[in-house]
Protein chains: 2
Amino acid sequence: MTKSRATMTQVARLAGVSIKSVSRVINREAHISPRLRERVEAAIAELNYTPDTAARSLAGARAFVVGVLFDNPSPNYTMNIVGGAHEACSAQGYHLRIDNLDSTEQDRALADQLEAVLSHGRCDGFVLTPPLTDIPLVLDTLERHDVRFVRIAPVLAPGRTPTVQIDDFAAAGAVAQCLWGMGHRHFGFVGGPPSHGAAGTRRAGFFSRLKALGLEAMPSEASGDFSFDGGIAAGFALLRTATPPTAIFAANDDMAAGVMVAAAQCGLAVPRDLSVFGFDDSWVALSVWPYLSTVHQPIRAMASAAVSLLLDHPREALALEPVTLDWTLIERGSHGPVRPER
Amino acid sequence: MTKSRATMTQVARLAGVSIKSVSRVINREAHISPRLRERVEAAIAELNYTPDTAARSLAGARAFVVGVLFDNPSPNYTMNIVGGAHEACSAQGYHLRIDNLDSTEQDRALADQLEAVLSHGRCDGFVLTPPLTDIPLVLDTLERHDVRFVRIAPVLAPGRTPTVQIDDFAAAGAVAQCLWGMGHRHFGFVGGPPSHGAAGTRRAGFFSRLKALGLEAMPSEASGDFSFDGGIAAGFALLRTATPPTAIFAANDDMAAGVMVAAAQCGLAVPRDLSVFGFDDSWVALSVWPYLSTVHQPIRAMASAAVSLLLDHPREALALEPVTLDWTLIERGSHGPVRPER
DNA sequence: TTGTAGGCGTTATCAA
DNA sequence: TTGATAACGCCTACAA
């Protein structure tokens with residue numbers, strides 16, 4: 001039952017062609033007659049042939065390995081990235097490597113971590129996720145080593161490298177629009193740490209739309225650090241004031257969940273007394289009650305796209321034009337119309 | 001700066017030995033004189049040599065790939081499994097494959113999924129996670145294909161295959177003990193679906209200890225399905241009764257978080273009016289307020305151990321004696337002493 | 001458009 | 001205890 005896998009030689013024999021021709025078909029090289037290709041493909045199908053990755057990487061230039069570099073505390077986010085990247089890899093017979101860096105380290109230590117990763121084994125390219133995407137040292141080191149990489153949702157120097165992203169600015173604007181449409185006029189915003197640049201973009205999109213809508217008093221602000229704890233603290237800071245906002249937009253879901261906790265502690269019911277909006281549509285959005293209204297970010301798809309970018313383009317032809325995927329406004333239970341003033 | 005990696009031949013030349021001897025040292029084979037080994041190791045260190053995985057797998061019997069098979073909806077759980085497994089793999093120069101099966105499929109479809117996974121590429125072994133660990137069809141298929149695998153926290157036929165686990169029974173007993181010690185006498189238990197056998201073990205451990213402690217009225221029960229939603233529903237079922245429990249133990253954290261929501265809806269404050277205990281110490285435990293008291297399960301370590309089991313033992317020497325790791329009772333904010341009867 | 005020869009870096013076989 | 005030498009399955013040159 002354990003029949004050994006077919007080899008290229010066997011395929012060639014069955015198709016009555018040379019092994020090199022089979023190789024050409026497999027690698028979609030040019031200059032092959034349709035007739036030959038057809039016969040080879042038939043043989044491949046009949047033998048259920050799959051090229052041997054080890055042999056290919058030994059003989060050729062490719063390692064058939066793609067790496068994901070991450071430093072994101074949220075397992076939800078990372079799992080989606082890994083899942084999406086892995087899917088794209090495995091569809092093309094590539095392996096996925098994942099390496100967790102610690103960007104809070106000193107520059108020197110971070111550089112060492114990177115060197116270790118790079119010397120660990122051959123790799124055809126890397127996918128970078130925030131906040132690594134915005135650390136100059138990381139980009140510099142990778143470029144110096146002449147390694148290909150694609151960044152996901154970077155903020156720093158967007159045009160510098162191949163990129164996959166969503167339009168954070170527009171999405172945050174849509175949140176503002178939605179809340180405004182429900183009558184809210186007093187807003188709060190919970191931002192992220194400087195290292196997560198996307199928080200800044202979301203803030204800008206939110207504020208900009210509100211201003212365009214005619215809002216005069218800009219939102220009160222508090223800074224979380226993209227964490228649940230930070231969200232609770234920020235929520236208190238925003239809510240325990242003379243004129244608390246009726247709607248709070250947090251730059252990610254974890255912080256939004258924290259804001260909901262703060263609201264409950266303050267005796268405020270969500271969404272009756274306070275509307276809350278998050279960003280990411282991560283796992284936590286469905287682990288709070290009411291379910292969190294948020295912006296869905298297609299993280300898996302973004303990671304897949306990043307890998308495809310890496311694999312589908314020859315070494316020097318990586319488009320620098322960012323690939324921009326669609327976000328979706330997810331209106332669940334944590335927001336609603338503003339209550340009439342008492 | 002991009003100096004190409006050293007090869008075995010170069011090491012051999014530098015050490016003044018044959019390439020085969022280097023190979024022997026690398027693979028820790030027997031019958032090598034200390035002197036030779038020493039020289040080879042010096043050369044390896046000097047050249048900073050790392051064996052080429054592709055070449056090794058082409059020439060040898062190993063593929064240098066380990067697979068993780070999962071079907072667990074919780075990204076936290078899966079991420080920890082993947083992280084731990086990956087760590088162990090990469091320490092030994094192995095790649096990690098991850099494959100998501102859908103065990104809700106019909107037998108036939110599930111078998112097809114497995115066949116697809118198995119024919120996808122060579123693999124030196126698999127790590128199975130619940131609930132796949134307890135599906136006879138999966139075990140049978142894997143064994144029929146003569147594939148090595150280790151199960152994590154299986155319930156079905158524990159001695160049948162190499163296994164890594166914790167003592168769910170004892171851990172659940174500790175929860176009972178803790179709650180009992182705080183004066184609770186009216187308990188509720190939220191169980192899981194039959195497919196997740198561990199829920200049954202936890203139930204048994206909880207009930208058994210309570211009985212040993214002298215409790216007469218066994219806990220009221222409700223079944224969630226290991227989900228947040230299920231936990232909310234189960235919480236309502238348990239709480240909206242004439243004599244609601246003062247403490248509820250849920251078989252996992254997601255359900256416990258749901259119970260907390262139900263409690264809040266019922267006007268019960270946690271832990272003042274109701275104590276809640278979860279199991280797993282997953283991400284959600286720190287995304288609710290108060291933080292969830294729970295049992296810490298060393299998931300990463302379990303996955304690492306599973307991979308080590310696979311890699312450190314020759315084909316037929318996989319110990320059947322289960323490897324049992326330690327759990328920890330994590331007492332956070334969701335439980336406390338029972339309130340005196342009103 | 002197709003085919004031939006050689007080699008990638010390692011392990012396996014067999015001999016010394 | 002060591003060392004030649006032949007695979008492993010494929011790709012890169014080059015030739016036809």
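In the text below, chain A, chain B and the rest are named by the order of the sequence lines, each starting its count at 1. Values in this document were obtained by computation on a predicted structure and should not be read as measured data. Computed over heavy atoms, backbone and side chain alike; hydrogens, waters and symmetry mates excluded.
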Below 4.0 angstrom from OP1 or OP2 of [N], is there any side-chain N or O of [X]?
X: B:Ser21; N: D:dG3; value: yes
X: B:Ser23; N: C:dT11; value: yes
X: B:Ser33; N: D:dT2; value: yes

In whole angstrom, give the distance that lies between atom [atom1] of [X] and atom [atom2] of [N].
X: A:Lys20; N: C:dG3; atom1: NZ; atom2: P; answer: 12 Å
X: A:Arg56; N: D:dG9; atom1: CZ; atom2: C1'; answer: 11 Å
X: B:Arg122; N: D:dC10; atom1: CZ; atom2: C1'; answer: 14 Å
X: B:Glu29; N: D:dT2; atom1: CD; atom2: C1'; answer: 12 Å
X: B:Leu58; N: C:dA12; atom1: CG; atom2: C1'; answer: 13 Å
X: B:Tyr49; N: C:dG9; atom1: OH; atom2: C1'; answer: 7 Å
X: B:Arg13; N: D:dG3; atom1: CZ; atom2: P; answer: 15 Å
X: A:Arg5; N: D:dC10; atom1: CZ; atom2: C1'; answer: 13 Å

Among [options], which nucleotide has an atom closest to any side-chain atom of [X]?
X: B:Ile32; options: D:dC10, C:dG3, D:dT2; value: D:dT2
X: A:Met8; options: C:dT1, D:dC10, D:dG3; value: D:dC10
X: A:Ile19; options: D:dC11, D:dG9, C:dT2; value: D:dC11
X: A:Ala59; options: C:dG3, D:dC11, D:dG3; value: D:dC11

Side-chain ion pair, B:Arg144 and B:Asp146, N-O less than 4.0 Å: no
A:Arg108 with A:Asp112: basic N within carboxylate O range, under 4.0 Å: yes
B:Ala55 or B:Arg39, whichever maps to the more 5' nucleotide of DNA chain D: B:Arg39
Check: D:dG3 base within 3.5 Å donor-acceptor of B:Arg24 side chain: yes
Backbone N/O of A:Val117 and side chain of A:Asp99: donor-acceptor pair under 3.5 Å: no
Derivation of the salt bridge (charged side-chain N to carboxylate O under 4.0 Å, His left out) call for A:Asp140 and A:Arg160: CA-CA 11 Å; A:Asp140 292 344; A:Arg160 177 168 167 186; 2.7 Å; yes
Within 6.0 angstrom of B:Glu46 CD, more than 12 heavy atoms from elsewhere: no
Donor-acceptor side-chain pairing of A:Thr161 and A:Arg151 below 3.5 angstrom: yes
Exercise: do A:Asp312 and A:Gln92 side chains pair donor with acceptor under 3.5 Å: yes
Sugar-phosphate, base or nothing in reach of B:Leu36, heavy atoms under 4.0 Å: sugar-phosphate
Parallel, tilted or perpendicular: ring planes of B:His95 versus A:His95, cut at 30 and 60 degrees: parallel
For DNA chain D, the residues among residues 40-47 of chain A that have a non-hydrogen atom under 4.0 Å from it: none
